[in-house]
Amino acid sequence: MLKPLGDRVIIEVAKEEEKSVGGIVLASAAQEKPQTGTVVAVGEGHVLENGEKAAIPVAVGDQVMFEKYAGSEVKYNGQEYLIVNGKDIIAIVE
(Lines give C-alpha, C1' and ligand atoms only; values in the text may rest on other atoms or scores of the structure.)
Protein backbone atom coordinates (compact mmCIF):
# COMPACT_ATOMS: atom_id res chain seq x y z
CA MET A 1 0.00 0.00 0.00
CA LEU A 2 1.01 3.61 -0.43
CA LYS A 3 2.33 5.49 2.61
CA PRO A 4 1.89 9.26 2.49
CA LEU A 5 4.69 11.51 3.70
CA GLY A 6 4.41 14.46 6.08
CA ASP A 7 0.91 15.86 6.49
CA ARG A 8 -0.56 14.14 3.44
CA VAL A 9 -3.58 11.84 3.46
CA ILE A 10 -4.62 9.24 0.88
CA ILE A 11 -8.35 9.13 0.18
CA GLU A 12 -10.44 6.66 -1.79
CA VAL A 13 -12.87 9.05 -3.43
CA ALA A 14 -16.60 8.28 -3.46
CA LYS A 15 -17.90 7.30 -6.89
CA GLU A 16 -19.39 9.96 -9.13
CA GLU A 17 -23.14 10.02 -9.61
CA GLU A 18 -23.90 8.96 -13.20
CA LYS A 19 -27.57 10.00 -13.19
CA SER A 20 -29.31 13.19 -12.19
CA VAL A 21 -32.20 13.22 -9.72
CA GLY A 22 -34.62 13.06 -12.67
CA GLY A 23 -32.92 9.92 -14.02
CA ILE A 24 -31.02 11.57 -16.89
CA VAL A 25 -27.65 9.93 -17.61
CA LEU A 26 -24.89 12.55 -17.39
CA ALA A 27 -21.81 12.70 -19.59
CA SER A 28 -18.58 12.38 -17.62
CA ALA A 29 -17.70 16.02 -18.34
CA ALA A 30 -21.00 17.18 -16.80
CA GLN A 31 -20.65 15.14 -13.63
CA GLU A 32 -19.84 16.98 -10.43
CA LYS A 33 -16.48 16.04 -8.93
CA PRO A 34 -17.14 14.28 -5.61
CA GLN A 35 -15.82 15.95 -2.46
CA THR A 36 -16.11 13.02 -0.07
CA GLY A 37 -14.19 9.82 0.44
CA THR A 38 -12.69 7.33 2.86
CA VAL A 39 -9.23 7.79 4.37
CA VAL A 40 -7.02 4.80 3.52
CA ALA A 41 -3.64 6.08 4.79
CA VAL A 42 -2.35 8.99 6.89
CA GLY A 43 1.14 10.50 7.01
CA GLU A 44 3.10 11.12 10.22
CA GLY A 45 2.13 14.78 10.45
CA HIS A 46 3.53 18.23 9.82
CA VAL A 47 6.90 19.07 11.40
CA LEU A 48 6.69 22.25 13.47
CA GLU A 49 9.50 24.80 13.83
CA ASN A 50 10.48 23.32 17.21
CA GLY A 51 10.93 19.86 15.64
CA GLU A 52 7.75 18.30 17.04
CA LYS A 53 5.15 16.73 14.75
CA ALA A 54 1.60 18.04 14.66
CA ALA A 55 -0.74 15.05 14.31
CA ILE A 56 -3.31 14.93 11.52
CA PRO A 57 -6.84 14.91 13.00
CA VAL A 58 -8.15 12.06 10.81
CA ALA A 59 -7.64 8.31 10.98
CA VAL A 60 -7.82 5.43 8.54
CA GLY A 61 -11.46 4.58 7.86
CA ASP A 62 -12.81 8.10 8.51
CA GLN A 63 -15.30 9.47 5.99
CA VAL A 64 -14.09 12.96 5.10
CA MET A 65 -15.05 15.96 3.02
CA PHE A 66 -12.26 17.82 1.23
CA GLU A 67 -11.73 20.97 -0.85
CA LYS A 68 -13.22 20.71 -4.33
CA TYR A 69 -10.01 20.91 -6.38
CA ALA A 70 -7.57 19.65 -3.76
CA GLY A 71 -4.90 17.03 -4.14
CA SER A 72 -3.33 14.88 -6.79
CA GLU A 73 -5.09 11.93 -8.39
CA VAL A 74 -2.99 8.76 -8.56
CA LYS A 75 -3.62 5.22 -9.74
CA TYR A 76 -2.07 2.33 -7.81
CA ASN A 77 -2.78 -1.38 -8.45
CA GLY A 78 -5.75 -0.48 -10.64
CA GLN A 79 -7.40 1.64 -7.92
CA GLU A 80 -7.69 5.43 -8.07
CA TYR A 81 -6.81 7.53 -5.03
CA LEU A 82 -6.52 11.19 -4.15
CA ILE A 83 -3.51 12.44 -2.16
CA VAL A 84 -4.32 15.66 -0.28
CA ASN A 85 -2.64 17.80 2.36
CA GLY A 86 -4.19 17.54 5.79
CA LYS A 87 -5.22 21.21 5.59
CA ASP A 88 -7.39 20.43 2.52
CA ILE A 89 -9.67 18.16 4.57
CA ILE A 90 -12.52 20.36 5.75
CA ALA A 91 -14.74 17.95 7.72
CA ILE A 92 -15.19 14.44 9.06
CA VAL A 93 -18.56 13.01 8.06
CA GLU A 94 -20.26 11.21 10.97
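Values below: every heavy atom of this structure, side chains too, minus hydrogens, waters and symmetry copies. Quick caveat: nothing in here was measured; it's all calculated off a predicted structure.
- Hydrophobic cluster membership is shared by Ile11 and Val58, with clusters built from Ile, Leu, Val, Met, Phe, Trp and Tyr side chains linked at under 4.5 angstrom.
- No hydrogens or angles considered: a donor-acceptor pair under 3.5 Å links the side chains of Gln63 and Thr38.
- Under a cut-off of 6.0 angstrom, the local environment of CG in Leu48 is crowded, with over 12 non-hydrogen atoms contributed by other residues, nucleotides or ligands.
- Note: His46 NE2 to Glu52 CD = 12.0 Å, rounded to the nearest 0.5 Å.
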When you look at Glu80 and Val74, which way does the side chain to side chain contact (heavy atoms under 4.5 Å, CB included) test go after all the steps? CA-CA 6 Å; Glu80 292 185 18; Val74 296; over 6 Å; no
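- In this structure, Tyr76 is a member of the same hydrophobic cluster as Ile83, with clusters built from ILVMFWY side-chain heavy atoms closer than 4.5 Å.
- Under the 4.5 Å side-chain criterion, counting only non-hydrogen atoms from C-beta, Tyr81 is in contact with Val40.
- Note on Ile92 and Val9: same hydrophobic cluster, where clusters join Ile, Leu, Val, Met, Phe, Trp and Tyr whose side-chain heavy atoms are under 4.5 Å apart, directly or indirectly.
- To the nearest 0.5 Å, atoms CG (Leu5) and CD (Glu44) are separated by 8.0 Å.
- Separating the CD1 atom in Ile89 from the CG atom in Asp62 is a distance of 8.5 Å, to the nearest 0.5 Å.
- Within the 3.5 Å criterion, the main-chain N or O of Gln79 finds no donor-acceptor partner in the side chain of Asn77.
- Here Gln35 contributes atom CD and Lys68 contributes atom NZ; the two are 5.5 Å apart, rounded to the nearest 0.5 Å.
- Cluster membership for Met65 and Val13, using ILVMFWY side-chain heavy atoms within less than 4.5 angstrom, is not shared.
- Under a cut-off of 6.0 angstrom, the local environment of NZ in Lys3 is crowded, with over 12 non-hydrogen atoms contributed by other residues, nucleotides or ligands.
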For a side chain to side chain contact (heavy atoms under 4.5 Å, CB included) check, start with the C-alpha distance between Thr36 and Val64, then their side-chain angles and the critical distance, and finish with the verdict. CA-CA 6 Å; Thr36 60; Val64 296; over 6 Å; no
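- With respect to Ile10, the side chain to side chain contact (heavy atoms under 4.5 Å, CB included) criterion is satisfied by exactly one of Val60, Leu82, Leu2, Val42: Leu2.
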